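A note on names: the letters A, B, ... follow the listed sequences, proteins ahead of strands, and every chain is numbered from 1. Heavy-atom basis, side chains included; hydrogens, waters and symmetry copies ignored. Nothing here was measured: the structure is a model prediction, and the numbers come from that model.
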Protein chains: 2
Amino acid sequence: MKRTKSSVIPSSVVRRLTEYLAYAQTFGNENGDQWVSSREIAQALGLTSSTVRQDLSHIDFCGISKRGYHVKGLRAVLEDTLGANSVWRVAVVGAGNLGMAIAQNDEFRERGFHIIGVFDKDAAKVGRSVGPLKVQHVSAMPDFVSGEGIDIGIVAVPAAAAQGVADLLIASGVRGILNLSLSHIITPRRVQVVEARLTCSLLELSHRIKYARKENK
Amino acid sequence: MKRTKSSVIPSSVVRRLTEYLAYAQTFGNENGDQWVSSREIAQALGLTSSTVRQDLSHIDFCGISKRGYHVKGLRAVLEDTLGANSVWRVAVVGAGNLGMAIAQNDEFRERGFHIIGVFDKDAAKVGRSVGPLKVQHVSAMPDFVSGEGIDIGIVAVPAAAAQGVADLLIASGVRGILNLSLSHIITPRRVQVVEARLTCSLLELSHRIKYARKENK
DNA sequence: CCTTTGCTGTGAAAAGTTTGACACCCGTCA
DNA sequence: TGACGGGTGTCAAACTTTTCACAGCAAAGG
Ligand SMILES: NC(=O)c1ccc[n+]([C@@H]2O[C@H](COP(=O)([O-])OP(=O)(O)OC[C@H]3O[C@@H](n4cnc5c(N)ncnc54)[C@H](O)[C@@H]3O)[C@@H](O)[C@H]2O)c1
Ligand SMILES: NC(=O)c1ccc[n+]([C@@H]2O[C@H](COP(=O)([O-])OP(=O)(O)OC[C@H]3O[C@@H](n4cnc5c(N)ncnc54)[C@H](O)[C@@H]3O)[C@@H](O)[C@H]2O)c1
């Protein structure tokens with residue numbers, strides 16, 4: 001009921017909020033008012049209901065007794081908290097397999113991440129179509145990024161080139177970077193980075209499999 | 001010096017171990033003995049040296065004073081701990097943009113994840129080549145998975161189909177699943193899951209950007 | 001109207017994670 | 001050879017995150 005904890009949300013909580021939002025979005029847009037309890041959310045996402053309630057206590061939204069949370073309202077508040085209701089202008093650097101897959105996926109646009117530039121250094125790739133866009137040469141990237149007011153750069157080049165590309169993006173005024181390459185990149189404090197490494201996720205999985213085997217003897 | 005803490009490694013540590021391994025692998029294979037200190041690792045990955053030493057105390061490997069850790073040895077032990085020195089047999093379900101990008105990437109094979117089957121339900125995609133493989137119809141997947149002894153399934157289908165595909169994989173004997181779709185999937189305890197959601201990473205980033213702006217006034 | 005019931009928000013305890021501090025170790029250099 | 005300096009492994013303190021327990025609210029049903 002107090003609902004003004006605000007200030008700063010711990011990052012472990014933010015990570016789960018993104019999942020709550022993904023979950024809330026699965027309900028679709030029909031108008032019928034739908035309600036969901038912390039227990040249901042917890043079950044769907046493999047958490048405890050207590051964690052869910054505690055997490056939601058960080059955002060400015062009340063559930064109501066006996067019913068739970070109003071899905072549409074919850075979704076709206078989460079979108080606001082996470083910045084998913086703004087339009088983010090995004091550029092992808094690296095038009096390889098992964099970069100092209102990302103640029104072609106509609107899911108991002110639906111969630112407010114508008115990819116409006118794709119760049120590569122390989123002349124053979126420059127000029128290829130990606131939906132309504134064309135791959136541009138990476139040398140055009142700095143002007144494009146500052147001219148178009150790009151907010152977020154997605155780095156999808158080989159590890160060895162990642163820091164260089166990131167530095168260019170930063171110098172051109174990007175405010176955040178999603179790094180998909182294997183190498184960690186370093187940024188000034190004002191530029192946020194999130195790293196997403198499929199290879200590391202697979203290694204985590206292989207460790208868990210190996211260990212689980214022992215557990216079950 | 002004691003070095004037999006073993007038993008169970010906390011998952012927060014495991015996640016970082018995967019990054020240490022990625023880092024150690026960047027040194028390449030030349031024979032010249034190379035050494036790295038906890039401070040260097042920390043700096044490269046944005047951690048504190050204390051965390052690095054604490055983490056490495058979980059694996060069966062000693063650094064030595066004044067030099068640090070022997071890169072080759074460290075790498076070997078990490079590969080062993082994480083199961084990156086075994087060969088994992090992997091199938092990808094969903095031959096869309098993302099599935100094909102993954103199947104075509106060599107990085108996984110280099111790290112022991114051998115993709116030996118790619119499946120889709122769309123007849124138009126069945127038969128396409130992916131390196132030395134051909135996309136097969138998803139109805140062939142269960143027999144293939146059990147027949148070929150697939151360990152890991154990668155789920156790259158739309159969210160709505162994810163749980164169904166996962167159930168099939170589980171019933172066919174897979175031991176772990178990497179889920180790339182937006183929806184959380186549920187598995188019996190013996191089957192490990194790791195979820196990797198690009199959309200959620202982007203949302204995390206957008207939250208951080210939004211919040212950082214406030215921080216710097 | 002009152003009672004029951006199911007679910008919320010919250011404060012505090014428990015568990016887990018990160019950081020700091022320091023003894024000790026091993027090459028290096030005088 | 002001995003003292004130094006830059007590194008390690010480890011213990012404990014500080015901090016963060018998760019879980020527990022429960023008061024209190026809102027709907028439903030007598
Ligand atoms: N494909 C995947 O499934 C996958 C999975 C996990 C991680 N990754 C990572 O994503 C990155 C890209 O993977 P990919 O499969 O798309 O590789 P890719 O080789 O298909 O594509 C890399 C692209 O980057 C371009 N490039 C290289 N240096 C560049 C530079 N300095 N500036 C601009 N462009 C440059 C290349 O021309 C190429 O087109 C890699 O770091 C890889 O580790 C890929
Ligand atoms: N492309 C990306 O960059 C990206 C990023 C993040 C997440 N994802 C997620 O990855 C998944 C796939 O993305 P995509 O871009 O490759 O989409 P896509 O539409 O290109 O591919 C999906 C493929 O799955 C196949 N499919 C659907 N149902 C199936 C079933 N029951 N069995 C077997 N195959 C089935 C479809 O025929 C299609 O080929 C989605 O869940 C998406 O959310 C993709």
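- Between B:E19 and B:R15, none of the side-chain N atoms (NZ, or NE/NH1/NH2) sits under 4.0 Å from a carboxylate O, so this pair counts as no salt bridge.
- Between B:L74 atom CG and D:dT8 atom P there is a gap of 11 Å when expressed in whole angstrom units.
- In this structure, the CH2 atom of A:W35 is 12 Å from the C1' atom of C:dC7, given to the nearest Å.
- For the pair A:R15 CZ and D:dT16 P, the computed distance is 15 Å after rounding to whole Å.
- The 5' end of DNA chain D is approached more closely, in terms of each residue's nearest nucleotide, by B:G68 than by the other of B:G68 and A:R67.
- Aromatic ring centroids of B:W35 and B:H70 lie under 6.0 Å apart.
- Separating the CG atom of B:L56 from the C1' atom of D:dG7 is a distance of 14 Å, rounded to the nearest angstrom.
- Ring orientation note: the planes of A:H207 and A:Y211 are close to parallel, at an angle under 30° on the 30°/60° scale.
- Rounding to the nearest 0.5 Å gives a distance of 11.0 Å between CZ of A:R111 and CG of B:L202.
- Using a distance-only test at 3.5 Å, with no hydrogens or angles considered, a donor-acceptor pair links the side chain of B:E40 to the main chain of B:S37.
- The distance from atom NZ of A:K66 to atom C1' of D:dA26 is 8 Å, rounded to the nearest whole Å.
- If you take CD1 of A:I41 and P of C:dG9, they are 11 Å apart, rounded to a whole angstrom.
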Can A:R208 and B:R175 be said to form a side chain to side chain contact (heavy atoms under 4.5 Å, CB included), step by step? CA-CA 10 Å; A:R208 298 240 295 258; B:R175 291 195 284 152; over 6 Å; no
Which protein N or O atoms sit under 3.5 Å from an N or O of nucleotides 18-21 of chain D?
from, atom 1, to, atom 2, distance (Å)
D:dT18, OP1, A:R16, NH1, 2.9
D:dT18, OP2, A:R16, NH1, 3.1
D:dT18, OP2, A:R16, NH2, 2.6
D:dT19, OP2, A:T48, OG1, 3.2
D:dT19, OP2, A:T51, OG1, 2.8
D:dT19, O4, A:Q54, NE2, 2.6
D:dC20, N4, A:S50, OG, 3.1

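- Counting any heavy atom pair closer than 4.0 Å across all strands shown, A:S38 reaches sugar-phosphate atoms only and no base atom.
- For the pair A:D151 (side chain) and A:W88 (backbone), a donor-acceptor distance under 3.5 Å is absent.
- For DNA chain D, the stems formed by at least three consecutive Watson-Crick or G-U pairs, with both atom-pair distances below 3.5 Å, span C:1-30 with D:1-30.
- A close approach under 4.0 Å does not occur between any side-chain nitrogen or oxygen of A:S57 and OP1 or OP2 of C:dT8.
- Donor-acceptor pairing under 3.5 Å, judged by distance alone, is present between the side chain of B:S65 and the base of C:dC25.
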Would B:V52 and B:R39 count as a side chain to side chain contact (heavy atoms under 4.5 Å, CB included) if you check the C-alpha gap in whole Å, the side-chain angles of each, and the deciding distance to 0.1 Å? CA-CA 8 Å; B:V52 174; B:R39 192 172 36 73; over 6 Å; no
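- Checking the phosphate oxygens (OP1, OP2) of C:dC7, a side-chain nitrogen or oxygen of A:R39 falls inside 4.0 Å.
- As rounded to whole Å, 12 Å separates atom P of D:dC11 from atom NE2 of B:H58.
- Between the side chain of A:S49 and the backbone N or O of A:A42, no donor-acceptor pair lies under 3.5 Å.
- Look at CG on B:L17: it is 14 Å from C1' on C:dT17, rounded to the nearest Å.
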